[in-house]
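Each remark here refers to the structure printed beneath this line.
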Amino acid sequence: MKPTYEPSEIEARWYDVWERSGAFRPEVNPEGEPFSIVIPPPNVTGVLHMGHALNMSIQDAIIRRKRMQGYAALWLPGSDHAGIATQNVVERELAAEGMTRHDIGREAFVDQVWQWKERSGGQITGQIRRMGFSTDWSRERFTLDNGLSRAVREVFVTLYEEGLIYRGYRIINWCPRCHTALSEIEVDHEDVAGELVHIRYPFTEGEGGIVVATTRVETMLGDTGVAVHPDDPRYVDLVGRTVRLPLLDRVIPIVADPAVDPEFGTGAVKVTPAHDPTDFDIAERTGLESIVVIDTEGNITKEGGRFFGMDRLEARESVRHALREEGYVVAIEDHHHSVGHCSRCGTMVEPLLSNQWFVKVGPLVRPAIDAVRSGDSRFVPERWEKSYFHWMENLRDWCISRQLWWGHRIPAWYCDECDDMVVSREDIVECPSCGGSVRAEDDVLDTWFSSALWPFSTLGWPEKTADVARFYPTSVLVTGFDIIYFWVARMLMMGLHFMGEKPFDDIVIHGLVRSADGRKMSKSAGNALDPLELVDQYGADAVRLTLVQSAAPGHDIPLNEEWVDASRRFGNKVWNAARFVVEHNEVRGVPATDGYPEEPGPEDAWILARLAEVTGAYDELLREYRFSDAVGLLYNFAWSEVFDWYIEMAKVGLKDGTRAATTKQTLGVVMRDLLKLLHPIVPFVTEELWSELGDGSLLVSARWPEPPALSGPAGMAELQELVTGLRRFRSEHQIGNVPVDILLEDPAGLAAEWWHGQLHALANATISGDGPPAELVGHTRIHAGGVAAFIPLAGLVDVDAERPRLEKAIAEMNDLADRSRQKLSNPKFRDRAPADVVAKEEAKLEEFEATLLKLRTQLAELG
RNA sequence: GGGCGUUUAGCUCAGUUGGGAGAGCGCUUCCCUUACAAGGAAGAGGUCGGCGGUUCGAGCCCGUCAACGCCCACCA
């Protein structure tokens, strides 16, 4: 076995072995109960970033544990075609050659995207393998592959037939750069400092006019009315009159509508139905017409008169200037408001009137809310349910059509002859009603439409496959809070509607990986850590351990590179501990036995009891998705108890001919169970060490440990306390590692030889006799529970130097005892606190006083 | 305008039934002891954001204030 731990060398070795073994497939546990997770599919354009690494490290921890517990565990991988993002990538390639997608045409363009996908799309799967994630590659899916495309079409057509998908001429969010409609949640709102311009619209009859206020003066070109609140006394008499639109001389009416807030601005609103959702609603209610003045490029249309052809921002300046020149501007005040930006490219979105496809979400929402409210699906941590409910209850219809070429084409055809529209599961070549030629719908679907079907489309639906029957609903969904609305909510809606059952039991929400300074990691800010670079430097195990250990439920994770280094050192520590175990087993395979020693020594019994206790607690924490706590517990147990204490104690047993076998067996059992427990978190190093310890593969053959409940023996706490006391004595008196002779009193029922061996090994102390010395003066004593060690000071340390230590200890103990006494003398405490708490407090005080007495005696004994 | 989160050791953060404050890194001192110096041992360092309340007892429960952060919103 190599003396040094080299993660990259080990990690290169195992993934292929694992994958070839078939152990990532649920079929390895054919009798097992199904347990399934579908991966949140990364964008096919993507490279693995810290968010993926965290997300998948958690899922792997879950799935590997379940696999070891005998479940038929499926972790299904795949990727998302990511409409806009992927199209943008290929368009940029074209742009480099001075072309646009329109130059080569739709078919050639889509071909080119597919080629790009084949060429570069696999990058992330290689990175997933490098991280050691145990996904079942035989079931890998892509949102645009044939099966999933069929599922998409089936869902679309069914919803259309049910009246839950419709085509409508409505205001949508338009990105003038991506040239497509966006859904509500693809728009990021950002507060900007703007201005509120008050403009006077003169009456057509008589003197004066009405003053409106707007933040977007350029839209006045599309005004077809002015609205006031029906109960506003200032304006109620004006309703029905007409005004003359400045600059364009259009005559428009004043109407009344309750959507107007009398408190805001002047209480009178200019109505631009084609470029504002609220105005659109007002126009529908009051019968105003719509005039489109901004086109899909973000430029002013012919309707804008002399401003025709201007960019919308340029028009804003020009219109304001013109209004001022001509004396229509009454006032301009500063005004902060939020402005929508395309979440893909950051361009300011333009509300635009256009023909789009929508999902009527109303009937889908109720079941999706009820499934969570009833606890059928459960968010972890629970608090996310609140924002989920709030969002769902205020959901508006979902705009699903996108003016892109890369995606699932909407299965609708329009007849050139009779103008009919047909929505169909199968491709249409001629119009079913008149036989005329048809043309296909240009638009494709929102990427999130296909993602919404992921938990069942990936299992083979709409076919009645064995996987659908066996693995739906899935067991756990692990994802970040940032896509609860985009993805989780929609999977719940679609899953419940089409499968009649929730798509997953538990929804585990983790935080964002942030940089060490707490900011969001981003390439542009230059503070993003690349997981693959960290993997090269520290190993995949170290990166995984760091992320999972940091994953406190629902909290963001600031990632410090030093933590990854600390994780690597943990791997090194485990490596060396295992090396110790291996090197002390001249017969390979001995520690591979599951058998517990029949007559364990005190330290063996102690560590086995602790192991049992920790295993139970660890498993419980993992079951509750408290990864940070779970890993913290195991890490500290392994390092502080097994490595720092037990292995040191075991060295005594190994040298003792009568106990060596038992000690080896205990070391073997403890190390084996540690490796198993650690394996879901750090699979590579544990697999490597497993192969050194025994035979076979941990992944393939090891079962999750279920140790018997054991109780620890007496005397171990005393030993540890005594050893620590002796070490502190050395440290405080700076006496290095010179041997110390002690006399031991009351060895807690354990053999004198045992004490001798352990104290010698752990504290370089020899026992020169039993019980207190005849002449106490000139000794100091160290107490550990009922056990006491007396140290002759002569020749060792300056007697007077021991005095301050004792005085300090007495002061501290006095303080503790005082507080305890105070508590106990409070009649209310005795009255109202539970009996066991009072008893515990009394025992504590007793102990304090006893210790105090001993310390005072000691002080006196110094002379 | 609503909603949520955070505030604990120098730094980054844990701390779920309210009962003697924790980790990693950093710092001090000692030690190359035959698994490991990528290590071991012993330490120093906290009015658990402020104020008020409930309780025998509060980092933990309630109220309030402050700072920072996030999400949602058709504020023309």
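Computed from heavy atoms alone, side chains included, the values below leave out hydrogens, waters and symmetry copies. A, B, ... follow the sequence lines: proteins, then strands. Residue 1 opens every chain.
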How many Å lie between [atom1] on [X] and [atom2] on [N], as a whole number?
X: A:K823; N: B:U55; atom1: NZ; atom2: P; answer: 17 Å
X: A:I557; N: B:A14; atom1: CD1; atom2: C1'; answer: 12 Å
X: A:L722; N: B:A41; atom1: CG; atom2: P; answer: 17 Å
X: A:D565; N: B:A37; atom1: CG; atom2: C1'; answer: 14 Å
X: A:R819; N: B:G20; atom1: CZ; atom2: P; answer: 10 Å
X: A:I483; N: B:C71; atom1: CD1; atom2: P; answer: 15 Å
X: A:D482; N: B:C4; atom1: CG; atom2: P; answer: 20 Å
X: A:L288; N: B:A76; atom1: CG; atom2: C1'; answer: 15 Å

Picking from [options], which would you name as closest to the side chain of [X]?
X: A:E562; options: B:C25, B:A42, B:A76; answer: B:C25
X: A:L816; options: B:C25, B:A42, B:G20; answer: B:G20
X: A:R396; options: B:C74, B:G24, B:A14; answer: B:C74
X: A:D261; options: B:G19, B:C70, B:A76; answer: B:A76
X: A:Y485; options: B:G19, B:A14, B:C72; answer: B:C72
X: A:W563; options: B:C70, B:G24, B:A38; answer: B:G24
X: A:V260; options: B:A14, B:A76, B:G19; answer: B:A76
X: A:K840; options: B:G40, B:G20, B:A76; answer: B:G20

Taking only heavy atoms on the protein side, list every residue of residues 382-393 of chain A lying under 4.0 Å from any atom of RNA chain B, sorted numerically.
-> A:R383, A:K386, A:H390
Any carboxylate oxygen within less than 4.0 angstrom of a Lys/Arg side-chain nitrogen, looking at [X] and [Y]?
X: A:D818; Y: A:R821; answer: yes
X: A:E350; Y: A:R216; answer: yes
X: A:E841; Y: A:K844; answer: yes
X: A:E692; Y: A:K2; answer: no

Provide the full list of salt bridge (charged side-chain N to carboxylate O under 4.0 Å, His left out) pairs with a residue in residues 551-567 of chain A, sequence neighbours left out, each pair given once.
-> A:R514-A:D556, A:D565-A:R568, A:D565-A:R569
Residue pairs involving residues 632-651 of chain A (criterion salt bridge (charged side-chain N to carboxylate O under 4.0 Å, His left out); sequence neighbours excluded) = A:R610-A:E641, A:E648-A:K651
Between [N] and [M], how far apart are the two [atom1] atoms, rounded to whole Å?
N: B:C68; M: B:G49; atom1: C1'; answer: 11 Å
N: B:C65; M: B:U6; atom1: C1'; answer: 16 Å
N: B:G20; M: B:A66; atom1: P; answer: 34 Å
N: B:C32; M: B:C13; atom1: C1'; answer: 34 Å
N: B:G24; M: B:G40; atom1: P; answer: 10 Å
N: B:U8; M: B:C61; atom1: P; answer: 16 Å
N: B:U33; M: B:G39; atom1: P; answer: 16 Å
N: B:C27; M: B:G69; atom1: C1'; answer: 31 Å

Base, backbone or nothing for each nucleotide of nucleotides 30-36 of chain B, written B, S, -, heavy atoms under 4.0 angstrom, 5' to 3'?
-> -----BB
Please assess A:I10 against A:W575 for the test side chain to side chain contact (heavy atoms under 4.5 Å, CB included), listing each intermediate value before the final yes or no.
-> CA-CA 11 Å; A:I10 294 164; A:W575 178 272; 3.3 Å; yes
Which range-with-range stems can be found for RNA chain B when each stem has 3 or more Watson-Crick or G-U pairs in a row and both distances sit under 3.5 Å?
-> B:1-7 with B:66-72, B:10-13 with B:22-25, B:27-31 with B:39-43, B:49-53 with B:61-65
May I ask you to check whether over 12 heavy atoms, not counting those of A:D334, lie within 6.0 Å of atom CG?
-> no
Can you see which heavy atom on A:I647 is nearest to which on A:A577, and at what distance?
-> CD1-CB, 3.8 Å
Mind running side chain to side chain contact (heavy atoms under 4.5 Å, CB included) on A:M220 and A:T272 for me, showing each step along the way?
-> CA-CA 7 Å; A:M220 62 84 62; A:T272 321; over 6 Å; no
Can you name the residues that form a side chain to side chain donor-acceptor pair (under 3.5 Å) with A:T219, not counting sequence neighbours?
-> A:K270
On RNA chain B, nearest-nucleotide positions of A:W639 versus A:N636: which is more 5'?
-> A:N636
Comparing nearest nucleotides in RNA chain B, the 5'-proximal residue of the pair A:A817, A:D276 is A:A817
Would you confirm whether the ring centroid of A:F264 sits within less than 6.0 angstrom of the ring centroid of A:H229?
-> no
Students often get this wrong, so: under 4.0 angstrom with heavy atoms, is [X] touching a base, only sugar-phosphate, or nothing?
X: A:F570; answer: nothing
X: A:A566; answer: sugar-phosphate
X: A:S550; answer: nothing
X: A:P834; answer: base

Are A:I172 and A:F358 side-chain neighbours, meaning at least one heavy-atom pair lies under 4.5 Å?
-> yes
Output yes when at least one side-chain N/O atom of A:R728 is less than 4.0 Å from OP1 or OP2 of B:G43, else no.
-> yes
Would you please classify the geometry between the A:F379 ring and the A:Y388 ring as parallel, tilted or perpendicular, with 30° and 60° separating the classes?
-> tilted
